There are 2 protein chains.
Amino acid sequence: MSNIRIDVKSRTPIFEQLCAGIREEILSGAMAPGEALPSVRSLACELAINPNTIQKAYAELERQKLISSAPGRGSFVSDDIRPAMGAFEERILEDLRAAVHRARLCSIEKKKLTDLIDKEWEGTKQ
Amino acid sequence: MSNIRIDVKSRTPIFEQLCAGIREEILSGAMAPGEALPSVRSLACELAINPNTIQKAYAELERQKLISSAPGRGSFVSDDIRPAMGAFEERILEDLRAAVHRARLCSIEKKKLTDLIDKEWEGTKQ
DNA sequence: TAACTGTTCTAATCGTGTTAGTACAGATAT
DNA sequence: ATATCTGTACTAACACGATTAGAACAGTTA
């Protein structure tokens, strides 16, 4: 959980970096369903970021049904993250759409795209 | 050239939308190498945007070697756009990398990725 | 009760994209 | 030469959103 890297100088807002980082932890299984997230205040202290920014990220993750929060209890990874998974696959489709669109502009062959995926896939095998 | 759509309410800056639009015109061949771009002032008038914003976009495109500008003469599509092409292919690779990375998080099969590319490719055939 | 939790709110600050206006220098047609 | 176009540079002001700061409220738990 605490291996999330925040770049305060980045153009992407801190709360979005937080969302992406935590989302990755959850989807990758590094955080199990039901597991407790650090409290808003403690994570804010750990990352040297304002609690409001953490709160904003948590609220967004809750909207995406990746976590659930309750006053007094804390925030926890959702028991069922499949709905969030589905939305995430949509993001992947958008990535591929963008790549195909750009490839058409450069008149790149389709085979080159699938070859690149092959190569990237092998290169990231654990 | 003038079929570039600018969304002033978008989160992405206007000058980036301009860059993307003009880049697309050039890479797709809609604008030929050597062809003149509209002047900073005329395009600003046509799109109802401040000339400084157009200038910022042109400066960025020149940095990417997609166009070249000279005071008094105007701005023109570069004679040789292959260097810019190369950089653009890098962007495609990044898109695919992101997709592969996200797919791994969801434990999506590689075949599903290539299938999606197949489908998207067919769907965008002119 | 005390100490934790999330949540909400306002005000101030800061960065950056955008606008507005002006000015300068090079090119070109008249 | 003059007029008019071109790109370029600069400052000041404005707008918007992200972030911070601080306070307050409500629910949970030991």
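Sequence lines set the chain letters: A, B, ... in the order given, protein chains first and strands last, and positions in each chain run from 1. As the structure is a computational prediction, the values presented were derived from the model and not from experiment.
The side chain of B:Q55 places an N or O atom within less than 4.0 Å of a non-bridging phosphate oxygen (OP1 or OP2) of D:dT8. Residue A:S39 has no polar side-chain atom (N or O) positioned under 4.0 Å from OP1 or OP2 of C:dC4.
Whole-Å rounding puts the A:R11 CZ to C:dG17 P distance at 7 Å. Rounded to whole angstrom, the span from the CD1 atom of B:I54 across to the C1' atom of C:dG17 amounts to 14 Å. Atom CG in B:L37 sits roughly 13 Å away from atom P in D:dT6 (whole-Å rounding). To the nearest angstrom, C1' of D:dT6 lies 13 Å from CD1 of B:I67. For the pair A:L43 CG and C:dT5 P, the interatomic distance rounds to 11 Å; values are reported in whole Å. Between A:L61 atom CG and C:dG6 atom P there is a gap of 13 Å when expressed in whole angstrom units.
Residue B:L93 is tested with B:E89, B:R97, B:R91 for a side chain to side chain contact (heavy atoms under 4.5 Å, CB included); the sole match is B:R97. Each of A:I22, A:I26, A:V77 was compared with A:L66 under the side chain to side chain contact (heavy atoms under 4.5 Å, CB included) criterion, and only A:I26 meets it.
Remark: B:P83 pairs with B:D80 by the side-chain contact (heavy atoms from CB on, under 4.5 Å) rule, at least two apart or across chains.
At a threshold of 4.5 Å between non-hydrogen side-chain atoms, the residues B:E60 and B:E16 do not count as touching. Looking at A:K110 and B:D118, their side chains come closer than 4.5 Å, going by heavy atoms from C-beta outward.
The hydrophobic cluster containing B:V100 does not contain A:M85, counting ILVMFWY residues as joined when their side-chain heavy atoms lie under 4.5 angstrom apart, directly or transitively.
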Hey, what are the protein-to-nucleotides 18-20 of chain C N/O distances that come in under 3.5 Å?
from, atom 1, to, atom 2, distance (Å)
C:dT18, OP1, B:I14, N, 2.1
C:dT19, OP2, B:N50, N, 3.2
C:dT19, OP2, B:T53, OG1, 2.8
C:dA20, N7, B:N52, ND2, 3.3
C:dA20, N6, B:N52, ND2, 2.7

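The two atoms that bring B:S69 and B:S75 nearest to each other are OG-OG, 2.8 Å, heavy atoms only. Among all heavy-atom pairs drawn from A:T53 and A:I14, the shortest one is CG2-CG2, 3.8 Å.
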Which letters describe nucleotides 24-30 of chain D, given B = protein heavy atom under 4.0 Å from base, S = only from sugar-phosphate, - = neither? B--BSS-

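Applying the 6.0 Å contact sphere to CD of B:E35 captures more than 12 heavy atoms from other residues, nucleotides or ligands.
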